[in-house]
J.: 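Structure incoming, see below.
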Amino acid sequence: MTFLTGTYFLFATTLVMAIITVVAVNLSKSGAWTPNIRRIAGLDSIEEAVGRATEMGNPVHFTPGLGDVTAEVAPQTFAGLEVLGFVTELTAKYNTELIVTIRIPNVFPIAQEIVRQGYIAAGKPDMFKEDTVRFLSSEQFAYAAGVMGIFHRQKVAANIMMGAFWAESLLFAEAGAQVGAIQVAGTAAMAQIPFFVAACDYTLIGEELYAGGAYLSQDKVKLGSIGGQDIIKGITMALILAGSLMATAGSQMLVDLLKK
Amino acid sequence: MSFLSKLQNIDRRVIYVIVLLALAIPLINPLGIPLSISPLTEDVYNLVESLQPGDVVLMSLDYSPGGSPDVHPQAVAVAEHLYKKGVKMAMVSFWDAGPMYGEQILKKYEEQGLVYGTDVVNLGFVSGGETAIRQFGFDVPGTVKVDFRGKNTAGMPIMEGIKDARDFALVIDFVSGNPGINEWVRQVQGPLGIKLAAGAVTVNVPQTMPFVQSGQVLGLLQGLRGAAEYEILIGVPGTAAAGMDAQSLGHMAIIAFILVGNIAFLLDKKVK
Amino acid sequence: MRREVPIVITFVVGIIMLLTNFIKIGAGEVGLIQQWSSELSNWVIIVAAFAVGLASVNLMKIHSNNITRQRPGWVNSLILVGSLIAFAIIGTIARLNPGTATAELNQNLFDYVMSPLGAAMFAILCFYIASASYRAFRMRSAEATVLLIAAVLVMLGRAPIGELMWNQFPGIAKWLLDIPNTAGQRAIMIGAAIGGFATSLRILLGIERGHLGGAE
Amino acid sequence: MNISSNPWVWFSAFGMIAIFSFAFKENPIYRAFEHLYVGSAAGYAIGVNIDNIVKRAIRPILQEGEFVLIIPIILGVLLYARFFKSIAWLSRWSMAFLVGIGSGLSIYGVVNSQFLAQIRATMIPLNSVNNVVMVFGVLSILLYFFFSMEQKGAIKHSASFGRWIMMVTFGVSFGNVVMGRISLMLGALQDILGGWLGLLG
């Protein structure tokens, strides 16, 4: 057995990253170490948005995005659904109507269960109506047209969008702005973030969506993994800083080491 | 309703008509606004220019109908340059629509006398995304034993001496999403160190820049404008160059929309 | 069986694909692990080809239901099912018999039906970005203002007419693309690499099983 | 004007206009063409992939006796077990295979090209404004996405610098998207005005 040349540092890096991740996840699972995930600022804006809707007496709209739970974007959809649990509790607390729209058939039963459980947990099972969670259409633009219709007819006062989005993000953001809703969005779909930032009041960017979901669900594996990723990030930052300081002093040692 | 809020709530269909006019009029009556060439486009041009007649270049056609208006003109322009240089063209796709665009390009050059299997070949679509790109990169003849037209690739003169992706003088990925340039960089360019350039849909350009800055991607055509610049560099202005005046007016319209919308918004806020 | 076998499969094939980049076993020109990984990759190409049909089965189920029950819009469902079947049959015959009239018909169906309709579906986005520019993209915060200014500068640098107005616009746009954009994209890429690594590792080790579906 | 006499061109021009009409008002003709598009794209993909299966598995088995390729065929067929309740669990074997290969492959690629190569490219001398923006831009964004620590004091300022850099990044993306979207509309307009009506020179 021989090592292929030029892969030593790469192999070592992979090994170190794997050990950090596994140890962090296991420590968190066993309860020995729980990474203290900070509260994400965007979550406060959700509370603010629901409060505004309550004052105005108009409903809150929520979408967990357009991604399937079996596709590559599944983590975004799951994080969105974790936020849905939080939004349900808030609307129950404030007695504000909630409308959840769904594009993916697989997501529909999951969302329905989350909302039903959320209302029961808040002691308000009566707030759950058959049309609280609505499946609109599995075609992308037909779903978007359905959401826009709901915005206008029901005078939605707060619009919360958390999950995977594609080109329809523009349509939601515009329709929400037209009815004057407070909008909070969150997605790891990099191409759509600019439009959300320009049209929404607050946007959770990329990894913030996952961290927000983990914070709300307090899922040990996810928390441990985020803790492990933070450690790797810390080492990365130290490496970059050291490397560029050494380069400033004229040494390419670290750069060369990384190539080994 | 005040004038300002009326202005903010103008019917969207009015906006659509303005956009249509801003694009259609300069298409019919070109204005002839000059176009400067981006250094990234020149990099691709120079890479092709440095090739020798008889070299084989791989074009990876990774786009769909949705992105084709932004990317296909790039592939057409680069193919023309390769043809003029006497460089051989092999095409492959990791998107299912790709080979059909390949056929569109090849048809023209076969009519001009290039011989299929000797000067050009369409290796077709390989399913499997990232895994397929890696497998193709490491073992070209083993991955595409049969080409798009059902012919055996073994024994084709153009495939002589091609074992892995390093045997292509240059690989250019024309791409409108994933799998595409990310996968080419991390599965083939990284381990094998091939010469890799890209033609990307405009939307993907910002995400590709870290690879360009780090030298993993040697040149980048940026959407339709990249194609237009390339057409001008090779002296054959085509559909992309013809669209540039419309791009100019279209951009002006969108900038005007952002400005007017925001002025109305800010004034309205002040009045309130 | 139901729970363990998939986890074992994932682990074994994943480790082979990982180690093929690092370790060589055997004296020949191509190592043992490299041979396995190459064979496995070939298999993926075949399995992935089967996977494409999954979405179509769902489409067929939903829309044939619409047709048999004559739900509103069932004529559209008929169009969908009809075109799906026609394209699948013609496409298959055409590919297995290149150079025939069917192959030509297939290219025409692609060039004049599928390709233009797909392009038109996405072209509508041009309308949407225009109306959203007018009615939704607001300088509602300092951050949104910075974003919009950068966007407008890039647009002025990209459109040939911008250069006619002021010859510095392309330079500014290029700087924004080369420096702050690359810094931002690079940091996001590094962060995503760490996150992607952690997810892949959790899947490989069977800690994460979301892809296998929750229900037994 | 030099209108096309090709019926295919007429059909595609009509289809494109029908799709555009959705932007103005949802209508039955749009819906018909939308379904035609969805159906044709799905059918096209099936044709392409059947061809792939025949060329890469069935012919090698029948003509060259590569019987080992029966395994991926079985895995492929098992994917469809999910549509039959009693054997649905079998489809997980195939999923596990696809996902396992994907994860193993992506770990290496991601660490090599998107992690180490990008770290290396950021180790640049701090001797110009551009380089300083680059290095500290990357560092402060990484700091922004640090979740297991409260953002206070200097860390807060640094992380907020990261957020500003990201806003510029997103602005650049925004500007690029505009050009991309206009290109798509231009492609369609060139087909309609040029290919169909013959209005373009």
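Bear in mind that the values here come from a model prediction, so they are computed numbers and not experimental data. Numbered from 1 within each chain, the chains take letters A, B, ... in sequence-line order.
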J.: Applying side-chain contact (heavy atoms from CB on, under 4.5 Å), run through C:L84 and D:I46 and close with a yes or a no.
T.: CA-CA 9 Å; C:L84 194 155; D:I46 291 178; 3.8 Å; yes

J.: After noting the C-alpha distance and the side-chain angles of C:L147 and D:M166, does the key distance pass the side-chain contact (heavy atoms from CB on, under 4.5 Å) rule?
T.: CA-CA 9 Å; C:L147 188 152; D:M166 275 197 286; over 6 Å; no

J.: Take atom OH of D:Y80 as the centre, draw a 6.0 Å sphere, and report whether it contains more than 12 heavy atoms from other residues, nucleotides or ligands.
T.: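 More than 12 within 6.0 Å, yes.
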
J.: So which part of C:L148 gets closer than 4.5 Å to some heavy atom of chain D, the side chain, the backbone, both or neither?
T.: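 For C:L148, the side chain is the part near chain D, not the backbone.
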
J.: Under a 4.5 Å cut-off applied to non-hydrogen side-chain atoms, are D:F170 and C:V146 in contact?
T.: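 No; the side chains remain at least 4.5 Å from each other.
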
J.: Would you say that more than 12 heavy atoms from the other residues, nucleotides or ligands in this model lie under 6.0 Å from the CD of C:E104, or not?
T.: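 Counting other residues, nucleotides and ligands, CD of C:E104 stays at 12 neighbours or fewer.
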
J.: Rounded to the nearest 0.5 Å, what separation is found between the CG atom of C:L80 and the CG atom of D:L36?
T.: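 Separation between the atoms: 8.5 Å.
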
J.: Going by residue number, which parts of residues 129-140 of chain C are within reach of chain D, meaning a heavy-atom gap below 4.5 Å?
T.: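 Within residues 129-140 of chain C, the residues under 4.5 Å from chain D are C:I129, C:F137.
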
J.: So how far is it from D:Y108 OH to C:N21 CG, rounded to the nearest 0.5 Å?
T.: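 Those atoms lie 4.5 Å apart.
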
J.: Report the relative orientation of the aromatic rings in D:F97 and C:W43; use parallel for angles under 30°, tilted for 30 to 60°, perpendicular for over 60°.
T.: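 The rings of D:F97 and C:W43 sit tilted, inter-plane angle from 30° to 60°.
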
J.: Can you confirm whether D:V168 sits close enough to C:N181 that some side-chain heavy atom of one is under 4.5 Å from a side-chain heavy atom of the other?
T.: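 No - every pair of side-chain heavy atoms lies 4.5 Å or more apart.
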
J.: Considering only residues two or more places apart or on different chains, which pairs with a residue in residues 93-111 of chain D satisfy salt bridge (Lys or Arg N to Asp or Glu O under 4.0 Å)?
T.: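 Every candidate salt bridge (Lys or Arg N to Asp or Glu O under 4.0 Å) pair involving residues 93-111 of chain D fails, so no pair, neighbours aside, qualifies.
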
J.: Would one find more than 12 heavy atoms of other residues, nucleotides or ligands at under 6.0 Å from atom NZ of C:K24?
T.: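 Counting neighbours around NZ of C:K24, more than 12 heavy atoms of other residues, nucleotides or ligands fall under 6.0 Å, so yes.
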
J.: D:A42 and C:S56: which non-hydrogen atoms are nearest, and at how many Å?
T.: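 So the minimum-distance heavy-atom pair works out to CB-OG, 3.8 Å.
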
J.: Determine whether C:F110 and D:Y44 satisfy the following criterion, ring pair (Phe, Tyr, Trp, His ring centres under 6.0 Å), listing intermediate values before the conclusion.
T.: CA-CA 8 Å; C:F110 179 84; D:Y44 173 85; 5.4 Å; yes

J.: Pick from C:G91, C:A192, C:P180: which one has the most heavy-atom pairs with chain D under 4.5 Å?
T.: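 Ranked by heavy-atom pairs under 4.5 Å with chain D, first place is C:P180.
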
J.: Is any side-chain heavy atom of D:R82 closer than 4.5 Å to a side-chain heavy atom of C:L54?
T.: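 Yes, at least one pair of side-chain atoms sits under 4.5 Å.
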
J.: Quick one, D:N130 with C:W175, criterion side-chain contact (heavy atoms from CB on, under 4.5 Å). Give me CA distance, side-chain angles, the key distance, then yes/no.
T.: CA-CA 9 Å; D:N130 284 353; C:W175 184 82; 2.8 Å; yes

J.: So which heavy atom on C:I46 is nearest to which on D:A57, and how close?
T.: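 Taking every non-hydrogen atom into account, CD1-CB, 3.7 Å.
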
J.: Could you go through residues 186-198 of chain D and list every donor-acceptor pair under 3.5 Å that involves a side-chain atom there, pairing it with any protein atom two or more places apart or in another chain?
T.:
{"unit_1": "D:Q190", "atom_1": "NE2", "unit_2": "B:T239", "atom_2": "O", "d": "3.1"}

J.: Pair up each side-chain donor or acceptor in residues 145-152 of chain D with any protein partner under 3.5 Å, not counting sequence neighbours, and list the distances.
T.:
{"unit_1": "D:S148", "atom_1": "OG", "unit_2": "A:D230", "atom_2": "OD2", "d": "2.6"}
{"unit_1": "D:Q151", "atom_1": "NE2", "unit_2": "D:Y144", "atom_2": "O", "d": "3.3"}

J.: So do the side chains of C:M155 and D:F174 get within less than 4.5 Å of each other, counting heavy atoms only?
T.: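 In short, these two side chains touch, coming nearer than 4.5 Å.
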
J.: Do C:R95 and D:K55 have side chains that get closer than 4.5 Å, going by heavy atoms?
T.: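 Heavy-atom side-chain distance check fails, nothing below 4.5 Å.
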
J.: List the steps and the verdict of side-chain contact (heavy atoms from CB on, under 4.5 Å) for C:L177 and D:N176.
T.: CA-CA 10 Å; C:L177 186 68; D:N176 274 288; 4.2 Å; yes

J.: First locate atom CD1 of D:I101, then atom CE of C:M17, and finally report the distance between them rounded to the nearest 0.5 Å.
T.: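 That separation rounds to 5.0 Å.
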
J.: Would you say that C:F197 contacts D:I107 through its side chain, given a criterion of any heavy-atom pair below 4.5 Å between the two side chains?
T.: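 C:F197 vs D:I107: side chains touch.
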
J.: Classify the side-chain pair D:R56/C:N42 by whether it contains a donor and acceptor separated by less than 3.5 Å.
T.: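 No pair is found: no donor N or O on one side chain lies under 3.5 Å from an acceptor on the other.
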
J.: How far apart are the closest heavy atoms of C:D178 and D:M134, and which atoms are they?
T.: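 Minimum heavy-atom contact is O-CE, 3.9 Å.
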
J.: Does a side-chain heavy-atom distance below 4.5 Å link C:F127 with D:M185?
T.: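 When only atoms from C-beta onward are counted, D:M185 and C:F127 do touch, with a gap below 4.5 Å.
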
J.: Measure D:F22 against the heavy atoms of chain C and call it side chain, backbone, both or neither at under 4.5 Å.
T.: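 Contact with chain C is through the side chain of D:F22 alone.
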
J.: Donor-acceptor pair, distance only, cut-off 3.5 Å: does the side chain of D:S40 make one with the backbone of C:S83?
T.: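 No, the answer is negative, given that no donor and acceptor are paired below the 3.5 Å cut-off.
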
J.: Output the distance between atom CD (C:E39) and atom CG (D:L69), rounded to the nearest 0.5 Å.
T.: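 So the gap between those two atoms works out to 6.0 Å.
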
J.: Using non-hydrogen atoms only, which part of D:T122 is less than 4.5 Å away from chain C: side chain, backbone, both, or neither?
T.: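 Both backbone and side chain.
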
J.: More than 12 heavy atoms of other residues, nucleotides or ligands under 6.0 Å from CD1 of D:I29: is that the case?
T.: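 Count not over threshold, so no.
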
J.: Compare all side-chain heavy atoms of D:I73 with those of C:F50 and state whether any distance is below 4.5 angstrom.
T.: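 Yes; the side chains approach each other to less than 4.5 Å.
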
